[in-house]
Amino acid sequence: MNIGIIGTGNIATYLLEQVNSNKMANGRITAIFGRNQQAGHGLSEQFETDFYTDLQAFLKLPLDIVVEAATVEAAALYLKEVATHKKDLIVSSIGVFKEAAFLNEVKTLAESAGTQIFLPSGAIGGLDVLQSAKAAGGLQRVQLTTRKSPASLGMEAGSERVIFEGSAYEAVEQFPKNVNVAMTLALAGIGIEKTKVRIIVDPDIERNTHTIEAEGDFGKLHLQVENNPMPSNPKTSLLAALSILAVLQNKDGALRIGN
């Protein structure tokens, strides 16, 4: 499996280490696309892979799957092009799909090309429960409470306080780099407008914490995940990178667990 990566940051570096150096997936990252030439050339030399700044040249390569590991803004620019070039796609910046019209457009392109779009679970769990619970329309309430350190939110705070309360749509609008979790939950569950989100900044915590609560015909769900940050970037959960690696490991497997 030939893998391409869009992005030259922490997640891209982690995947290159795990896939190319540690052989943790059945394939190899053969190409990187990005705008940061210094970082891109550095990764190219370190991991013996090609670096591109021209998207069309990158997409003309015989890539089986492309991993978007950049930003919401970059994903908005590039995802349709990837789908048009008949590449399977892993999207890490899931907040890019806050507008249903854009999500449907990318899905339609992938369906026409006969390719798949993978949305990793990221920093949370419980997605299979939500998808199963809504299968017959019986999912009624989903709420996410996220507790983060000031460093992970890029702000200063001397004490614990609620900095946001509203819908998942509003959360993604105001905190696009921090609440991919909210968008993932919304897509798995009752939608971006009905999914409720609360964000708490807490200077006393060491791990970002996500608490998911859901109710419906299935019963009740209460799930809490405490995430260690990536050592190189406190704003990114290590589990977010691991979930992308898991997709690459299981993509072509004969046995799939869960939905």
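The structure displayed is predicted, hence computed values, not measured ones.
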Any donor-acceptor pair under 3.5 Å linking the side-chain atoms of [Y] with those of [X]?
{"X": "Tyr169", "Y": "Gln174", "answer": "no"}
{"X": "Thr211", "Y": "Gln224", "answer": "yes"}
{"X": "Asn2", "Y": "Thr30", "answer": "no"}
{"X": "Asn227", "Y": "Arg207", "answer": "no"}

Indicate yes or no: does Asp202 engage Arg161 in a salt bridge with an N to O separation below 4.0 Å. no

Using a strict cut-off of less than 4.0 Å between a Lys/Arg side-chain nitrogen and an Asp/Glu carboxylate oxygen, indicate whether Arg147 and Glu160 qualify as a salt bridge. yes

Separation of [Y] [atom2] from [X] [atom1] (nearest 0.5 Å):
{"X": "Lys60", "Y": "Asp54", "atom1": "NZ", "atom2": "CG", "result": "8.0 Å"}
{"X": "Ser93", "Y": "Glu73", "atom1": "OG", "atom2": "CD", "result": "8.5 Å"}
{"X": "Leu221", "Y": "Ser132", "atom1": "CG", "atom2": "OG", "result": "11.0 Å"}
{"X": "Glu165", "Y": "Ile163", "atom1": "CD", "atom2": "CD1", "result": "11.5 Å"}
{"X": "Lys220", "Y": "Gln140", "atom1": "NZ", "atom2": "CD", "result": "11.0 Å"}

Heavy-atom side-chain proximity of [X] to [Y] below 4.5 angstrom:
{"X": "Val19", "Y": "Lys23", "value": "no"}
{"X": "Thr146", "Y": "Phe175", "value": "no"}
{"X": "Gln37", "Y": "Thr53", "value": "yes"}
{"X": "Ile29", "Y": "Phe47", "value": "no"}

With clusters defined by side-chain heavy atoms of hydrophobic residues (ILVMFWY) lying less than 4.5 Å apart, directly or transitively, does Val67 cluster with Phe118? yes

Kindly assign one of parallel, tilted or perpendicular to the pair Phe58 and Phe33, based on the angle between their ring planes and the thresholds 30° and 60°. tilted

Using atom types as modelled and distance alone, determine if a side-chain donor or acceptor of Asn20 lies under 3.5 Å from a backbone N or O of Leu16. no

